[in-house]
Amino acid sequence: MSSDYLSSNSSTNITPNDQYNVYGYTPLKAPNLAALIVFAIAWAAHTGLAVFYQQIWFGVCLFIAAGLETAGYVGRFLSSSDPTILNDFLVQIICLTLGPAFFMAGTYYLLAEIVVIWGIENSRFKPWTYSKVFISLDLVSIVLQALGGGMAATALVQNKNVNTGTHIMVAGLAFQVLATSIFMLCWLDFYWTRRNRRALRLSSSVPDYQENDMSGASETSNVDGPEKFAHIRNAKKTKLFLFALGVSIIFVFVRSVYRVAELSLGWTGYLMTQEGYFLVLDCLMVAIAIWIMVAFYPGYFLGKIRISAEQTIAKSSSASGQEEEFKQGV
């Protein structure tokens, strides 16, 4: 074991016989077994829900996220018996670092569906733009975290300095925090834009295209959104779903901020060598987020929406509406 890795560790949990303990403590058996069971059940639940509701992108992302979390806690549970086994440590650190990134990749797709349901005309960008941009940012984050984790793991196995890999992992996590922050701002921007436009329409008593003419613009010019999704928008359960989704994202965001702080202090830093912080700020945060999305599965609340088709409909309807306005003007 590299002296650079262990020299600064002053944890009282380490004895001379534990000099190869890369955790800085011995993981507790009961909490990690409980986490393993919780995530394994969530993994099975997300698999079944994805198949039942035919949620391809969201379903696959949550399947991977829950699967990585399950694998990570297998590693931690095994380490509770012998924390000096390096492979178990590497499994948990890599899997538990990457899991939440796939969770966010799934939620990034949902914003596009929400924009379609509540009206593309209320958004600054097309629905697919949100998904493509934020999923791309998430992939960058995943690549950085995987690359950094791989480099750190290799250095650890070869008894070399792990700083380079660690710094890349921190960069990946920090990038994820930044992307999530921008995502939340875009979500709020869409909400306030739609709310303000609707308030302006109601206060000015200006009728929608739907009331003025029978052109193809009727469905997409309504600031409330397409009429065929009105039953989704008006359902009380939908508002509950949106609140639950927002809460789950905040939990993952808190976890990501914690991991940035944890790794920034180094592998032998205070946060890294105190399991209590990890169990609350990582394990509990991610578990709540993943189980929220089991209870509030988007397939049940939003259905299956073909985003590309809806963008095409909105574009053609807008063009039809503009052509009709031109004819009336002439």
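Numbering of residues begins at 1 and proceeds along the displayed sequence.
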Within a strict 4.5 Å, meaning less than it, do heavy atoms of the [X] and [Y] side chains meet?
| X | Y | result |
| --- | --- | --- |
| I120 | K126 | no |
| L173 | V177 | no |
| S141 | F175 | yes |
| M293 | L245 | yes |
| M104 | S256 | no |
| T238 | R233 | no |
| L96 | L68 | no |
| Y108 | L137 | no |

Would a single hydrophobic cluster contain both [Y] and [X], if residues Ile, Leu, Val, Met, Phe, Trp and Tyr are joined by side-chain heavy-atom contacts under 4.5 Å?
| X | Y | answer |
| --- | --- | --- |
| I64 | L139 | yes |
| L265 | V257 | yes |
| I85 | V22 | no |
| Y109 | L49 | yes |
| I232 | L240 | yes |

Using every non-hydrogen atom in the two residues, find where [X] and [Y] come nearest and quote the distance to one decimal.
| X | Y | result |
| --- | --- | --- |
| S131 | A112 | OG-CB, 3.1 Å |
| V162 | A152 | CG1-O, 3.6 Å |
| S123 | V115 | CB-CG1, 3.7 Å |
| R76 | P27 | O-CB, 3.9 Å |
| M285 | F251 | SD-CD2, 3.3 Å |
| Y270 | Q274 | O-CG, 2.9 Å |

Find the distance between [atom1] ([X]) and [atom2] ([Y]) and round it off to the nearest 0.5 Å.
| X | Y | atom1 | atom2 | result |
| --- | --- | --- | --- | --- |
| L279 | L284 | CG | CG | 9.0 Å |
| I93 | D88 | CD1 | CG | 13.0 Å |
| I292 | I250 | CD1 | CD1 | 9.5 Å |
| F52 | Y297 | CZ | OH | 11.5 Å |
| L28 | S80 | CG | OG | 8.5 Å |
| F58 | L110 | CZ | CG | 5.5 Å |

message: With a 6.0 Å cut-off on the ring centroids, do W187 and Y191 count as close?
response: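 Between Y191 and W187, which both carry aromatic rings, the centre distance is not below 6.0 Å.
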Pair Q145-T97, side-chain donor/acceptor within less than 3.5 Å: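 No donor-acceptor contact under 3.5 Å links the two side chains.
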- request: Would you please say whether a donor-acceptor pair under 3.5 Å links the side chains of T154 and K160?
  value: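 Not at all, the side chains of T154 and K160 share no donor-acceptor pair under 3.5 Å.
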- request: Would you kindly check if the NZ (Lys) or CZ (Arg) of R124 is within the cone defined by 45 degrees around the ring axis of Y130 and under 6.0 Å from the six-membered ring centre?
  value: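 The answer is no, since R124 fails at least one limit relative to Y130.
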- request: Tell me whether the guanidinium CZ or amine NZ of K237 lies under 6.0 angstrom from the six-membered ring centre of Y300 and within 45° of its axis.
  value: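 Judged by the rule, K237 and Y300 form a cation-pi pair.
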query: What do the steps show when you test R259 against D282 for side chain to side chain contact (heavy atoms under 4.5 Å, CB included), and what is the final call?
result: CA-CA 8 Å; R259 290 307 297 269; D282 190 304; 2.9 Å; yes
- prompt: Near I182 CD1, under 6.0 Å, is it more than 12 heavy atoms from other residues, nucleotides or ligands?
  reply: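 Yes, the 6.0 Å shell around CD1 holds more than 12 heavy atoms from other groups.
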Is it the case that the side chain of [X] and the backbone of [Y] share a donor-acceptor pair, with hydrogens and angles ignored and the cut-off at 3.5 Å?
| X | Y | answer |
| --- | --- | --- |
| D189 | L185 | no |
| W57 | A105 | yes |
| D82 | L78 | no |
| T129 | F125 | no |
| H46 | I41 | no |
| D138 | F134 | no |

- request: Report the C-alpha distance between V280 and Y258 in whole Å, list the side-chain angles of each, state the deciding distance to 0.1 Å, and finish with yes or no for side chain to side chain contact (heavy atoms under 4.5 Å, CB included).
  value: CA-CA 10 Å; V280 173; Y258 158 71; over 6 Å; no
Which residue, [options], forms the ring-ring contact (aromatic ring centres under 6.0 Å, His included) with [X]?
| X | options | result |
| --- | --- | --- |
| F39 | F77, Y73, F103 | Y73 |
| Y23 | F278, W267, F89 | F89 |
| F301 | Y53, F241, F243 | F241 |

message: Go through it in stages, so that I can follow the logic: the residues are M184 and I249, the test is side chain to side chain contact (heavy atoms under 4.5 Å, CB included), and I'd like the CA-CA distance, side-chain angles, deciding distance and then a yes or no.
response: CA-CA 9 Å; M184 290 190 292; I249 292 173; 4.1 Å; yes
query: Which one of V74, V286, L36 satisfies the side-chain contact (heavy atoms from CB on, under 4.5 Å) criterion with E69?
result: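 Between E69 and the candidates, side-chain contact (heavy atoms from CB on, under 4.5 Å) is satisfied uniquely by V286.
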- prompt: Step by step, would you call E275 with N32 a side chain to side chain contact (heavy atoms under 4.5 Å, CB included)?
  reply: CA-CA 10 Å; E275 188 176 25; N32 287 289; 3.0 Å; yes
